[in-house]
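Only one structure is covered here, and it is reproduced in the block below.
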There are 2 protein chains.
Amino acid sequence: MGNKTLTYGNVDMLVLKLLENQDMYGYQIIEQLEKQSQNVFSLSAGSLYPLLHNLEVKDYVDTYEGDNNSKTPGKKRKYYHITEKGKAYLAEKSKEWEQYSSAINSILFVEKGAAI
Amino acid sequence: MGNKTLTYGNVDMLVLKLLENQDMYGYQIIEQLEKQSQNVFSLSAGSLYPLLHNLEVKDYVDTYEGDNNSKTPGKKRKYYHITEKGKAYLAEKSKEWEQYSSAINSILFVEKGAAI
DNA sequence: TTGACAAATATCGGATTTCGATATATAATA
DNA sequence: TATTATATATCGAAATCCGATATTTGTCAA
């Protein structure tokens with residue numbers, strides 16, 4: 001990431017969220033994440049692919065190979081599709097994120113001298 | 001923390017924020033953080049003390065020993081006080097947090113099928 | 001009075017997560 | 001034909017946090 005530690009523990013959630021919207025292949029996820037965050041995040045390939053394998057092992061996604069007749073260069077695309085189990089996990093993590101970020105904000109945005 | 005990875009990389013910011021409000025000793029920081037986050041965070045001592053030493057090495061805080069005539073048991077309290085350098089660092093990290101969390105939210109809360 | 005407990009600080013190794021470097025494959029392009 | 005862009009993959013290193021453990025010291029109950 002641009003800032004290394006800022007998405008720690010949340011990348012899987014972000015990836016699953018993108019996949020909830022549509023099936024994607026790895027490289028596409030990297031580009032989409034960068035675009036959709038206005039260049040705040042730029043996930044590296046070395047982070048993404050192990051993470052995707054992990055999501056597959058945990059049955060949060062399943063995969064299929066892309067069209068052979070693709071006219072783009074490079075290795076064959078591998079598409080990822082979120083499972084029901086993945087959706088449930090995503091919902092859980094999203095909820096945790098809301099709770100967590102609001103707790104951070106409740107500490108950051110307390111005025112000096114305010115009663116707590 | 002209650003949830004292990006959710007505050008990764010942000011604990012120093014939270015601690016400095018508490019110290020911006022008033023000088024505190026370690027144990028007090030743990031209790032205050034728990035209280036002020038409505039029990040969302042519970043920082044462990046094994047996390048806090050190395051972190052405090054690191055903040056001291058970086059000149060983000062300086063320290064002094066508490067009163068000898070304290071009637072509470074336990075080791076002597078060591079108070080931490082935020083420096084100007086620490087305040088500048090806190091401001092920087094807070095800004096990053098705002099940017100980061102809003103980027104996360106912009107990905108999480110996009111409606112299915114919405115144009116991006 | 002003495003033993004248990006609570007307050008307070010401290011350190012270490014282990015677990016988790018992410019990144020940079022590197023490798024490989026392949027089609028388009030110059 | 002060589003280079004570049006696309007695409008997937010793996011590995012070791014770095015950073016951060018926690019659980020377990022240890023130590024000190026004052027209070028309080030038995």
Side-chain angles (χ1 to χ4, degrees), chain A residues 1-16 23-34 40-58 61 63-80 93 100 104, chain B residues 1-16 23-34 40-58 61 63-80 93 96-97 100 104:
Chain A
M1 295 283 175
N3 192 307
K4 292 178 189 180
T5 60
L6 280 177
T7 46
Y8 198 95
N10 295 316
V11 182
D12 56 350
M13 174 179 79
L14 296 175
V15 168
L16 287 173
D23 292 359
M24 289 188 180
Y25 55 96
Y27 199 85
Q28 186 182 11
I29 290 173
I30 292 174
E31 290 182 319
Q32 189 66 23
L33 196 58
E34 200 156 339
V40 176
F41 307 138
S42 70
L43 185 57
S44 76
S47 305
L48 179 63
Y49 291 107
L51 182 144
L52 284 173
H53 293 321
N54 186 250
L55 292 178
E56 197 178 358
V57 167
K58 288 179 176 163
V61 299
T63 69
Y64 55 93
E65 291 211 333
D67 279 346
N68 302 17
N69 55 357
S70 164
K71 275 163 190 168
T72 53
K75 284 189 176 179
K76 202 172 284 184
R77 290 172 176 171
K78 193 170 163 187
Y79 281 86
Y80 291 84
K93 286 277 281 189
Y100 154 65
I104 294 249
Chain B
M1 295 284 174
N3 192 305
K4 293 178 189 181
T5 61
L6 281 177
T7 46
Y8 198 94
N10 295 315
V11 182
D12 55 351
M13 176 179 78
L14 296 175
V15 168
L16 287 173
D23 293 358
M24 288 189 183
Y25 56 96
Y27 200 85
Q28 186 181 12
I29 292 173
I30 291 174
E31 290 183 319
Q32 189 65 24
L33 196 57
E34 200 156 338
V40 176
F41 307 139
S42 69
L43 184 57
S44 75
S47 306
L48 179 63
Y49 291 107
L51 183 145
L52 284 173
H53 293 321
N54 187 250
L55 292 178
E56 195 177 0
V57 167
K58 289 179 176 162
V61 299
T63 67
Y64 56 92
E65 291 209 334
D67 280 344
N68 302 19
N69 54 355
S70 165
K71 278 167 189 165
T72 54
K75 283 188 175 178
K76 203 172 282 185
R77 290 172 176 171
K78 194 169 162 188
Y79 280 85
Y80 291 84
K93 286 277 281 188
E96 272 176 21
W97 161 254
Y100 154 66
I104 294 249

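The sequence lines fix the lettering, A, B, ..., with proteins before strands; numbering per chain opens at 1.
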Check the interface with nucleotides 10-12 of chain D: list each N/O to N/O pair with the protein under 3.5 Å, or write none.
residue: dT10(D); atom: OP2; partner: His53(A); partner atom: NE2; Å: 3.4

With the criterion being N/O to N/O and under 3.5 Å, what pairs connect the protein with nucleotides 23-26 of chain C, and how long is each?
residue: dT24(C); atom: O2; partner: Lys75(A); partner atom: NZ; Å: 3.4
residue: dT26(C); atom: O2; partner: Gly74(A); partner atom: N; Å: 2.8

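In this structure, Lys75(B) has no side chain to side chain donor-acceptor pair (under 3.5 Å) partners at least two apart in sequence or on a different chain. Partners of Tyr79(A) according to the ring-ring contact (aromatic ring centres under 6.0 Å, His included) rule, which considers only residues two or more places apart in sequence or in another chain, are Tyr25(A), Tyr64(A).
Heavy-atom minimum distance, Pro50(A) versus Ala45(A): CD-O, 4.1 Å.
What separates OH of Tyr27(B) from C1' of dT25(D) is a distance of 14 Å, to the nearest Å. One atom, CG of Leu52(B), and another, P of dT9(C), lie 9 Å apart when rounded to the nearest Å. Remark: P of dT25(D) and CZ of Arg77(B) are 15 Å apart, rounded to the nearest angstrom. Met13(A) places its CE atom 11 Å from the P atom of dT18(C), with the value rounded to the nearest Å. If you take NZ of Lys78(B) and P of dT25(D), they are 15 Å apart, rounded to a whole angstrom. Distance Ile29(B) CD1 to dA7(C) P: 17 Å, rounded to the nearest Å. Atoms CG (Leu43(B)) and P (dA8(C)) sit 16 Å apart, rounded to a whole Å. Rounded to a whole Å, the CG atom of Leu48(B) is 16 Å from the C1' atom of dC12(C).
In this structure, Tyr80(B) reaches the sugar-phosphate backbone alone: every heavy-atom distance under 4.0 Å involves primed, P, OP1 or OP2 atoms, never a base.
A donor-acceptor distance shorter than 3.5 angstrom exists from the side chain of Lys93(B) to the backbone of Gly9(B), with no hydrogens or angles considered.
Partner Phe41(A) forms a side-chain contact (heavy atoms from CB on, under 4.5 Å) with one of Leu14(A), Ile30(A), Val11(A) and no other, that one being Leu14(A). When Val15(A), Val57(A), Val61(A) are each tested for a side-chain contact (heavy atoms from CB on, under 4.5 Å) with Leu52(A), only one passes: Val15(A).
Contact annotation: Thr72(A) side-chain N/O to dA7(D) OP1/OP2 distance is under 4.0 Å.
Residue Ser44(B) places its side chain closer to dG19(D) than to any other of dT16(D), dA7(C), dG19(D). Minimum atom distance to the side chain of Tyr8(A) is reached by dA15(D), of the listed dC17(D), dA15(D), dA8(C).
The structure places CD of Glu31(B) at 8.0 Å from CD of Glu34(B), a figure rounded to the nearest 0.5 Å. Taking CD1 of Ile29(B) as the reference point, atom CG of Leu43(B) lies at 8.5 Å (rounded to 0.5 Å).
The base of dA7(D) does not come close enough to the side chain of Tyr25(A) for any donor and acceptor atom to sit less than 3.5 Å apart.
A donor-acceptor contact closer than 3.5 angstrom is absent between the side chains of Asn10(B) and Tyr100(B).
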